[in-house]
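Scroll down for the structure; my scribbles are underneath it.
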Amino acid sequence: QVQLVESGGGLVQAGGSLRLSCASSRRTFSSYAMGWFRQAPGKEREFVASISSTGRSTYYTDSVKVRFTISRDNARNTVSLQMNSLKPEDTAVYYCARRPAGEASTHAGDYDYWGQGTQVTVSS
């Protein structure tokens, strides 16, 4: 069983920044790609960013490119999402997820373990 615990969400004004973190309970963290997804009220869960097991490859949805940065620290079993220049449309519950493979993916169906989510609210 893998536990993923997100932290760092909160309320921020438009233009502000937040840093989300996700801690994994497994020592094999470095073998797996990780991703961030989000779900706004009344909308489907959508891909935000992903990173390969080594950290060499990253992917972003177009709406967050340049503004968000995904990174990982395999020594600490954590993956982070730095979010800058936040917009009201970024408001959502953000989830981290593990993919049972080294290569990153943009598809939610490729991920097997999910965190409980952390709320990000951006006020205008």
With sequence neighbours left out, which residue pairs that include part of residues 28-124 fulfil the disulfide (SG to SG under 2.5 Å) condition?
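For residues 28-124, and leaving out neighbouring residues, the disulfide (SG to SG under 2.5 Å) pairs sorted by first residue read Cys22-Cys96.
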Where at least one partner belongs to residues 59-93, residue pairs that pass disulfide (SG to SG under 2.5 Å), sequence neighbours excluded:
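The answer is none; no pair qualifies.
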When you compare the side chain of Leu20 with that of Thr118, does any pair of heavy atoms fall below 4.5 Å?
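Contact flag for Thr118/Leu20 side chains = yes.
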Going by heavy atoms in the side chains, are Ser31 and Ser53 under 4.5 Å from each other?
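Of all side-chain heavy-atom pairs linking Ser53 with Ser31, none is under 4.5 Å.
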When you group the ILVMFWY residues by side-chain heavy-atom contacts below 4.5 Å and let the links chain together, are Leu81 and Phe47 in the same group?
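Cluster IDs for Phe47 and Leu81 differ.
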Identify whether Val64 and Val93 are in the same connected component of the hydrophobic contact network (ILVMFWY, side-chain heavy atoms under 4.5 Å).
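No, because Val64 and Val93 fall into different hydrophobic clusters, even though each may have its own neighbours under 4.5 Å.
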Main-chain N/O of [Y] paired with [X] side-chain donor or acceptor, under 3.5 Å:
{"X": "Ser25", "Y": "Gln3", "value": "yes"}
{"X": "Arg76", "Y": "Arg72", "value": "no"}
{"X": "Ser52", "Y": "Ser57", "value": "yes"}
{"X": "Tyr60", "Y": "Ser50", "value": "no"}
{"X": "Asn77", "Y": "Thr28", "value": "no"}

[X] versus [Y], closest heavy-atom pair with distance:
{"X": "Ser105", "Y": "Asp110", "answer": "OG-OD2, 2.5 Å"}
{"X": "Phe29", "Y": "Val79", "answer": "CZ-N, 4.0 Å"}
{"X": "Tyr59", "Y": "Thr106", "answer": "CB-CG2, 4.2 Å"}
{"X": "Tyr111", "Y": "Pro100", "answer": "CA-CD, 4.5 Å"}
{"X": "Gly102", "Y": "Ala33", "answer": "O-CB, 3.6 Å"}
{"X": "Val48", "Y": "Tyr94", "answer": "CG2-CE2, 4.3 Å"}

Only one of Glu44, Glu46, Glu6 forms a salt bridge (charged side-chain N to carboxylate O under 4.0 Å, His left out) with Arg38, so which one is it?
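Exactly one candidate clears the test, Glu46.
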Under the rule for side-chain contact (heavy atoms from CB on, under 4.5 Å), what residues qualify as partners of Arg45, not counting sequence neighbours?
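Arg45: side-chain contact (heavy atoms from CB on, under 4.5 Å) contacts with Phe37, Gln39, Tyr95, Trp114.
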Using side chain to side chain donor-acceptor pair (under 3.5 Å) as the criterion, list what pairs up with Arg99, not counting sequence neighbours.
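Arg99: no side chain to side chain donor-acceptor pair (under 3.5 Å) contacts found.
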Side chains of residues 10-19: which donor-acceptor partners sit under 3.5 Å, not counting sequence neighbours?
unit_1	atom_1	unit_2	atom_2	d
Ser17	OG	Asn84	OD1	2.9
Arg19	NH1	Gln82	OE1	3.2

Tell me whether the NZ or CZ atom of Arg98 lies within the 45° cone about the ring axis of Tyr32 and under 6.0 Å from its centre.
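The answer is yes; both the distance and angle limits are met.
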For Glu89, give me all partners under salt bridge (Lys or Arg N to Asp or Glu O under 4.0 Å), at least two apart in sequence or on another chain.
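Listed in chain order: nothing, the list is empty.
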Calculate, to the nearest 0.5 Å, the distance between atoms CD1 and OG1 belonging to Ile70 and Thr58 respectively.
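If I round to the nearest 0.5 Å, the distance is 7.5 Å.
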Kindly determine whether Lys65 and Asp62 satisfy salt bridge (charged side-chain N to carboxylate O under 4.0 Å, His left out), including the steps that lead there.
CA-CA 5 Å; Lys65 282 181 181 176; Asp62 286 346; 3.1 Å; yes
